[in-house]
Amino acid sequence: MELSTLIAQWSGKLPPGFVPQAVLREEPEECSQPRCRRKRAPNPDGGWYASCQPCLDRRAASCRRRRAALVAKGGCRRCAYRKRAAGDFLCERCREDRDIERGQKRQDALDAAVIDEFAAKPDKAHEPSNLDCGISPWNARPKPQATAAYWSPLPDPEPREEREWAKSIYDNGRRFNRY
C-alpha cells in the first residue's frame, strides 16, 4: 500500500493531489404512463420516480377525488375504504391506530421531558452504591449468621470396632489369604 494512502486513511484527510471523480448523473427515462413522453421526476433520495411531475400531480388529484367521494358515501375519514363506526368519523381499525399513535406521541413527549430534565442538571461525579452492582434492599440476601452448631464442638466419632453395621456377616477374613 502506498504511504500517502495509508496516512490519508489514518488521518481521515485526502492525500495531496487527489482529484475526486466527477459525478455523472444519467438522464432520466421517459414517464411510465401511457402516451406520455416527458422525463421522469427526480426523487428526493437521488433516484427517479416512475412518472413525470404532471402525471404524479394528476394521479394524486385523482386519488384525492376518489377518497372524497368514498368519505361522502359514509367511509372512514382516515382510510376512506371501511365504514365508519356508529356516531364516529373513523372506522374501528383507524381509531385503534390513532389511539396507539397518540399514546406513542405522549410517551415520546414524557421521555423527551425526562431527558431534558436530566440534561439540565449540573454535571457531578458519580457516587457508586450497591445499586450499581444490581443489589437493592429488595433483592439482597440477609447476611449469614453463625448458628450454635457452628460454635459447638463436633461429636466424638463412633469407634470403628463398635460399628458392627459396617462388617459383613458373611466375611470371615479368608479373602486376604493366598493358597
Side-chain angles (χ1 to χ4, degrees), residues 1-71 75-82 84-85 88-146:
M1 183 179 278
E2 200 174 318
L3 183 62
S4 64
T5 310
L6 192 64
I7 292 171
Q9 285 181 343
W10 282 344
S11 66
K13 297 175 185 169
L14 292 173
F18 179 80
V19 179
Q21 290 182 346
V23 178
L24 300 174
R25 199 165 168 182
E26 71 278 357
E27 278 295 311
E29 298 174 14
E30 281 188 355
C31 175
S32 63
Q33 300 301 319
R35 293 186 303 280
C36 182
R37 299 282 173 257
R38 287 187 287 260
K39 301 290 183 192
R40 293 181 173 194
N43 227 346
D45 63 0
W48 303 100
Y49 283 116
S51 304
C52 62
Q53 196 60 49
C55 288
L56 289 172
D57 295 341
R58 189 182 69 246
R59 294 182 69 201
S62 169
C63 286
R64 280 194 299 270
R65 283 193 305 272
R66 191 182 77 247
R67 288 173 61 92
L70 290 170
V71 169
C76 170
R77 277 207 211 153
R78 190 173 186 194
C79 67
Y81 296 105
R82 288 181 291 273
R84 294 184 212 165
D88 199 0
F89 58 88
L90 295 178
C91 63
E92 288 294 323
R93 192 156 134 198
C94 287
R95 174 166 283 284
E96 288 173 11
D97 291 349
R98 189 189 65 183
D99 291 346
I100 290 169
E101 288 166 11
R102 283 183 176 172
Q104 188 62 50
K105 276 186 185 174
R106 194 176 302 117
Q107 189 60 47
D108 290 347
L110 290 172
D111 293 347
V114 168
I115 291 170
D116 292 344
E117 182 183 340
F118 176 77
K121 287 181 184 173
D123 291 343
K124 62 178 183 178
H126 176 66
E127 296 177 11
S129 70
N130 279 342
L131 294 173
D132 297 335
C133 307
I135 300 170
S136 76
W138 292 275
N139 71 359
R141 289 197 189 102
K143 288 184 178 168
Q145 294 179 346

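For reference, positions follow the sequence shown, starting with 1. In this text, all values refer to a predicted model and were calculated from it rather than measured experimentally.
- Annotation: the span from Ile115 atom CD1 to Asp111 atom CG amounts to 6.0 Å, rounded to 0.5 Å.
- To the nearest 0.5 Å, atom NZ of residue Lys105 and atom CZ of residue Arg98 are 11.0 Å apart.
- In this structure, Leu90 CG and Glu96 CD are separated by 11.5 Å, a value rounded to the nearest 0.5 Å.
- Contact between Ala41 and Leu56 at its shortest, heavy atoms only, is CB-CD1, 4.0 Å.
- Counting all heavy atoms, side chain and backbone alike, Ser51 lies closest to Cys31 at CA-SG, 3.6 Å.
- Atom SG of residue Cys55 and atom CZ of residue Arg35 lie 10.5 Å apart, to the nearest 0.5 angstrom.
- Looking at every heavy atom in both residues, Ala8 comes nearest to Lys13 through CB-O, 3.0 Å.
- Looking at Glu101 and Arg78, a side-chain N of the basic residue comes within less than 4.0 Å of a carboxylate O on the acidic one, giving a salt bridge.
- To the nearest 0.5 angstrom, Arg82 atom CZ is 5.0 Å from Cys94 atom SG.
- Here the closest non-hydrogen pair linking Phe89 and Arg84 is CA-CD, 3.6 Å.
- Considering every non-hydrogen atom in both Asn43 and Trp48, the closest pair reads CB-N, 3.9 Å.
- For Cys79 against Arg67, the heavy-atom pair with the smallest separation is O-NH1, 3.3 Å.
- In this structure, the side chain of Arg40 engages the main chain of Glu30 through a donor-acceptor pair within 3.5 Å.
- Rounded to the nearest 0.5 angstrom, Ser11 OG and Leu6 CG are separated by 9.5 Å.
- A 6.0 Å sphere centred on CG of Asp123 holds no more than 12 heavy atoms belonging to other residues, nucleotides or ligands.
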